[in-house]
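Each remark here refers to the structure printed beneath this line.
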Protein chains: 2
Amino acid sequence: MGNNRSDKPLTTPVQYLLQVLGSKWKLPILCTLSKKDVLRFNELKRELAGITNMSLSNCLQELEHYKIIKRVQYLEMPPRVEYSLTDNGKSLLPILKNLDEWVNKQLEINCEKAQETEPGDS
Amino acid sequence: MGNNRSDKPLTTPVQYLLQVLGSKWKLPILCTLSKKDVLRFNELKRELAGITNMSLSNCLQELEHYKIIKRVQYLEMPPRVEYSLTDNGKSLLPILKNLDEWVNKQLEINCEKAQETEPGDS
DNA sequence: CTGTATCCACCCTGATACTG
DNA sequence: CAGTATCAGGGTGGATACAG
């Protein structure tokens, strides 16, 4: 957050980040891809139980546009398309991990607070 | 800005993070607070040109709920309320900074390869 | 299999007005 | 000053149907 411009909040890098992967399925997709290395469209759909073709397609397109994932299409019958993380996508993973750790800490704190509201047992 | 954020089942910690500060004004608020140490409601509103009472109030409440900011109310006339980052809030800053660096790198990449093909650019 | 098009519902956001 | 109530508009995600 080196440059915070109060007059143009949407142009800050952090806001850009939220824009890039701030929708519901972006992170789950990246997490899934990070574990499976390469996945086809329907394999992703199966892993991300609940996602629709529309959402998956949109997310993949945006992620591809931002060079976070790579799309390889084979002109065969039946069609085959494989998705995988780019190096940029992989470079995001450690950061996601830090976020993950921070959030886990927050979750603990909130849990503790929730328990403190309980009248003292014993 | 739903106050039901805290009720939503969160599948992953990262989703929780987006939930916690994934809305438009959360980061600008945190950035502003990180620089001013302590700010009153209207001071924040002034810094975050364009935000409404509603959005600011909701964001502050959520941020406070997650123990990221601290709210101190003085029962005076006129009323005075001061907001500041908690230690948790401050611990988030370095991570945001990493995100910032990563995104800046991504921005460079995208600028080099595709300047005018933003999917949601319109 | 791999998507796209369309409609629909919900949430976020902001504007305005009002209260303590 | 510091919010809250209410309403409206826009964007996003989901369901279904259809196409290459």
Side-chain angles (χ1 to χ4, degrees), chain A residues 6-10 15-16 18-29 32-33 38-65 69-84, chain B residues 1-11 15 18-29 32-33 38-65 69-84 118-122:
Chain A
S6 300
D7 54 332
K8 300 179 68 177
L10 285 175
Q15 284 292 348
Y16 177 89
L18 273 328
Q19 178 181 323
V20 168
L21 40 76
S23 65
K24 178 177 179 179
W25 293 101
K26 299 280 179 59
L27 276 326
I29 288 173
T32 303
L33 278 175
V38 173
L39 282 173
R40 299 176 61 177
F41 188 87
N42 268 10
E43 288 174 333
L44 272 168
K45 189 178 173 184
R46 195 156 38 236
E47 294 285 335
L48 304 164
I51 195 171
T52 61
N53 289 349
M54 189 67 171
S55 297
L56 180 54
S57 180
N58 284 337
C59 286
L60 289 172
Q61 282 181 19
E62 291 182 36
L63 256 16
E64 184 197 7
H65 170 81
I69 67 172
K70 185 171 49 183
R71 179 183 186 275
V72 179
Q73 179 172 6
Y74 300 90
L75 295 178
E76 308 170 348
M77 267 318 269
R80 183 161 59 103
V81 181
E82 289 183 349
Y83 294 94
S84 59
Chain B
M1 196 170 316
N3 39 9
N4 59 341
R5 286 183 180 276
S6 53
D7 316 351
K8 283 185 179 176
L10 300 172
T11 55
Q15 284 291 349
L18 272 327
Q19 203 88 14
V20 168
L21 41 75
S23 66
K24 180 178 178 179
W25 292 101
K26 298 280 179 59
L27 276 327
I29 287 172
T32 303
L33 278 176
V38 173
L39 282 173
R40 300 176 61 177
F41 188 89
N42 270 8
E43 288 174 333
L44 272 167
K45 189 177 174 184
R46 197 156 37 237
E47 293 286 333
L48 304 163
I51 195 172
T52 62
N53 288 349
M54 187 67 171
S55 298
L56 181 54
S57 179
N58 283 335
C59 286
L60 290 173
Q61 282 181 20
E62 292 181 33
L63 257 17
E64 186 197 5
H65 171 80
I69 67 171
K70 184 172 48 184
R71 179 182 185 275
V72 179
Q73 180 172 6
Y74 300 89
L75 295 178
E76 306 171 351
M77 268 315 273
R80 183 160 61 101
V81 179
E82 290 183 347
Y83 295 93
S84 58
E118 304 281 336
D121 197 23
S122 69

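Throughout, protein chains are lettered first and strands after them, A, B, ... in sequence-line order, and every chain is numbered starting at 1.
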Notebook entry, point to check: With a non-hydrogen cut-off below 4.0 angstrom, is B:Tyr74 in contact with a base, only sugar-phosphate, or nothing?
Noted result: nothing
Next item on the list: Check whether any side-chain heavy atom of B:Thr52 lies under 4.5 Å from a side-chain heavy atom of B:Met54, and answer yes or no.
Entry: yes
Notebook entry, point to check: So does A:Trp25 get a side-chain nitrogen or oxygen closer than 4.0 Å to the phosphate oxygens (OP1/OP2) of D:dG14?
Noted result: yes
Next item on the list: Indicate whether OP1 or OP2 belonging to C:dT2 is found under 4.0 Å from a side-chain N or O atom of A:Arg80.
Entry: no
Next item on the list: Give the C-alpha distance, both sets of side-chain angles, the deciding distance and a yes or no for side chain to side chain contact (heavy atoms under 4.5 Å, CB included) between B:Phe41 and B:Leu60.
Entry: CA-CA 9 Å; B:Phe41 188 89; B:Leu60 290 173; 3.9 Å; yes
Check: Any idea which of C:dG14, D:dG13, D:dA15 is nearest the B:Ser55 side chain?
Finding: C:dG14
Notebook entry, point to check: What integer distance in Å separates B:Leu60:CG from C:dT13:C1'?
Noted result: 15 Å
Next item on the list: Describe the nucleic acid contact of B:Asn42 in one word from base, sugar-phosphate, nothing, applying a heavy-atom distance below 4.0 Å.
Entry: sugar-phosphate
Margin query: At less than 4.0 Å, is any side-chain N or O atom of A:Gln61 found next to OP1 or OP2 of C:dT4? Yes or no.
Written below: yes
Notebook entry, point to check: Do B:Gln73 and B:Leu75 touch side chain to side chain, with heavy atoms closer than 4.5 Å?
Noted result: yes
Next item on the list: Find which nucleotide of DNA chain C each of A:Pro79 and B:Gly50 is nearest to by heavy atoms, and output the residue with the more 5' nucleotide.
Entry: A:Pro79
Next item on the list: Compare all side-chain heavy atoms of A:Lys26 with those of A:Val20 and state whether any distance is below 4.5 angstrom.
Entry: no
